[in-house]
Q: 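Pasting a structure here, questions to come.
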Amino acid sequence: MAYKQTPVLLLVCIATTCSARDRADLLNTCMDAKHHKTRPGPEDKLHDQCRPWKENACCSVNTSQEIHKDNSRLYNFNWDHCGKMTPACKRHFIQDTCLYECSPNLGPWIQQVMGQEGALGLSFFTAIAANIPSTQVDQSWRKERFLGVPLCREDCQEWWEACRTSFTCKMDWHKGWDWTSGINKCPASAACLTFQQYFPTPASLCEGLWSHSYKVSNYSRGSRRCIQMWFDPAQGNPNEEVAAFYASLVSAGAAPQSVVPLVPSLAPVLSFWLLG
């Protein structure tokens, strides 16, 4: 009997109070990851493209400087694994990394990860619900990631436009690299092709590149319903209001965007489990 109660309790837990984080801890928060600060705060000297977050950042000055280096020590990741990436394309990857490292506004989408198995626990069930494959990649270097962040439509379109003529050899950059030299190299069987060949649409790039960290939104910049990778800090940080909106859904008893379809989508799985 206890066995058959397990999925029911799990469903109740997910639909009510279980989450990677406490509901009160969804705003102005930093991920528990390799280079993130414990708490966000001012960083007046953030470097170049990370400067939009200088008023309140989860990254340090040193991290922001490393993000901009071709041979960064942050993750030993080589953008030029298939020849020189165009400067316009690289700017988008730098901005993506600045958002990841510096933003304190990703709380509603932060999920726990569990080492070699990748996204487990709530993230695993979120993945089922959103038709997102759970990641099978060594993530022992971080305890949390974000999943399904609603990226503004223009941010994704411009990223794809800037990169489609650069070259890569993989569709999911979270896993499958040859790390024997200490930096990422293409697997022996992987061919270097243009981004457009690996990512025929903007959504395939933005959603597939980092194992569904992003979900391309139908909303545009300024809508207050999608996260902006690019913004003018002189106008304030628009992502604060976006995070507050999605956090309010959680506080009101609704799930974040990536978890909304979770309960009905789990019904067949749970029914099979119970009957099995």
Side-chain angles (χ1 to χ4, degrees), residues 19-33 36-37 39-43 46 49-59 64 67 91-112 122-123 126 129-130 132 144-160 202-203 205-207 209-262:
S19 70
R21 284 169 167 255
D22 200 323
R23 286 181 177 176
D25 190 28
L26 297 178
L27 297 177
N28 196 37
T29 189
C30 299
M31 280 186 289
D32 186 353
H36 287 71
K37 291 158 49 176
R39 294 182 181 85
E43 292 286 349
L46 288 186
Q49 288 178 238
C50 293
R51 284 191 62 77
W53 290 273
K54 69 185 182 68
E55 299 296 333
N56 194 34
C58 288
C59 61
S64 73
I67 288 171
R91 279 186 60 80
H92 282 269
F93 278 96
I94 290 172
Q95 196 72 7
D96 163 53
T97 309
C98 284
L99 177 71
Y100 172 81
E101 298 288 350
C102 301
S103 177
N105 310 124
L106 301 173
W109 304 278
I110 291 176
Q111 302 287 331
Q112 292 177 338
L122 181 61
S123 298
T126 303
I132 296 172
E144 293 179 327
R145 63 167 291 187
F146 59 73
L147 182 70
V149 169
L151 184 65
C152 291
R153 185 173 51 201
E154 300 95 328
D155 288 59
C156 180
Q157 180 71 35
E158 291 173 9
W159 192 354
W160 183 77
L205 169 66
C206 300
E207 296 180 1
L209 186 74
W210 299 123
S211 300
H212 300 273
S213 291
Y214 296 114
K215 175 72 176 174
V216 180
S217 176
N218 289 325
Y219 289 105
S220 298
R221 295 174 189 157
S223 65
R224 305 174 184 177
R225 295 295 180 268
C226 61
I227 292 293
Q228 293 183 207
M229 188 180 295
W230 299 86
F231 61 89
D232 180 0
Q235 304 298 319
N237 182 348
N239 296 334
E240 292 177 357
E241 191 167 348
V242 177
F245 170 76
Y246 287 103
S248 70
L249 296 182
V250 179
S251 298
Q257 186 180 31
S258 60
V259 189
V260 167
L262 178 60

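Position 1 is the first residue of the sequence; numbering continues from there. The structure displayed is predicted, hence computed values, not measured ones.
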Q: List the steps, then state whether side chain to side chain contact (heavy atoms under 4.5 Å, CB included) holds for Val149 with Tyr246.
A: CA-CA 10 Å; Val149 169; Tyr246 287 103; over 6 Å; no

Q: Can you name the closest pair of heavy atoms from Gly107 and Thr29 and give their distance?
A: CA-CG2, 3.7 Å

Q: Once you find the SG atom in Cys59 and the one in Cys98, is the distance between them below 2.5 Å?
A: no

Q: Please list all pairs passing the salt bridge (Lys or Arg N to Asp or Glu O under 4.0 Å) test where one or both residues lie in residues 240-250, with sequence neighbours left out.
A: Arg224-Glu241

Q: Taking C-beta and beyond as the side chain, do Ser213 and Tyr100 meet within less than 4.5 Å on heavy atoms?
A: no

Q: Keeping Ser248 on the side-chain end and Phe245 on the backbone end, is there a donor-acceptor pair under 3.5 Å?
A: yes

Q: Considering all heavy atoms of both residues, which atom of Pro52 and which atom of Gln49 are nearest to each other, and what is their separation?
A: CD-O, 3.2 Å

Q: Could you list the residues that satisfy side chain to side chain donor-acceptor pair (under 3.5 Å) with Asn28, not counting sequence neighbours?
A: Asn56

Q: If a pair satisfies salt bridge (Lys or Arg N to Asp or Glu O under 4.0 Å) and one of its residues is in residues 96-105, list it, with sequence neighbours excluded.
A: none

Q: Could you state the interatomic distance from CD (Gln111) to CG (Leu147), rounded to the nearest 0.5 Å?
A: 6.0 Å

Q: Taking the side chain as C-beta and beyond, is there a heavy-atom pair between Trp53 and Leu99 under 4.5 Å?
A: yes

Q: Hey, is the main chain of Pro202 close enough, under 3.5 Å, to the side chain of Gln157 for a donor-acceptor pair?
A: no

Q: Return the set of residues passing side chain to side chain donor-acceptor pair (under 3.5 Å) with Arg221 (not counting sequence neighbours), or none when no residue passes.
A: Asp155, Glu158

Q: Less than 2.5 angstrom apart at the SG atoms, yes or no, for Cys102 and Cys58?
A: no

Q: Quick one: do Glu43 and Cys50 satisfy side chain to side chain contact (heavy atoms under 4.5 Å, CB included)? Show the steps, please.
A: CA-CA 10 Å; Glu43 292 286 349; Cys50 293; over 6 Å; no

Q: If I compare all heavy atoms of Ala203 with all of Cys156, which pair ends up nearest, and what's the gap?
A: N-SG, 4.0 Å

Q: About how many Å separate CE of Met31 and CZ of Arg145, when rounded to the nearest 0.5 Å?
A: 9.5 Å

Q: Between Gly148 and Trp109, which heavy-atom pair has the shortest distance, and what is it?
A: O-CD1, 3.6 Å

Q: Identify, with sequence neighbours excluded, every residue that meets side chain to side chain donor-acceptor pair (under 3.5 Å) alongside Ser220.
A: Arg153, Glu154

Q: How close do Ala247 and Pro108 get, heavy atom to heavy atom, and via which atoms?
A: N-CG, 4.0 Å

Q: Taking it one step at a time, do Tyr214 and Met229 satisfy side chain to side chain contact (heavy atoms under 4.5 Å, CB included)?
A: CA-CA 11 Å; Tyr214 296 114; Met229 188 180 295; 3.7 Å; yes

Q: Measure the spacing between CD1 of Ile227 and CZ of Phe146 and express it to the nearest 0.5 Å.
A: 9.5 Å

Q: Is the distance between the ring centroids of His92 and Trp160 less than 6.0 Å?
A: no

Q: So which heavy atom on Leu46 is nearest to which on Ala57, and how close?
A: CD1-CB, 3.7 Å

Q: Does any donor atom in the side chain of Arg225 or Ser217 lie under 3.5 Å from an acceptor atom in the other side chain?
A: no

Q: Are the side chains of Tyr219 and Pro150 in touch, meaning some heavy atoms are under 4.5 Å apart?
A: no

Q: Between Gln95 (side chain only) and Trp230 (backbone N and O only), is there a donor and an acceptor less than 3.5 Å apart?
A: no

Q: Run the side chain to side chain donor-acceptor pair (under 3.5 Å) test against Lys54 and tell me which residues pass, sequence neighbours left out.
A: none

Q: With a 6.0 Å cut-off (strictly less than), is the heavy-atom count around CG of Asp232, excluding the residue itself, greater than 12?
A: yes

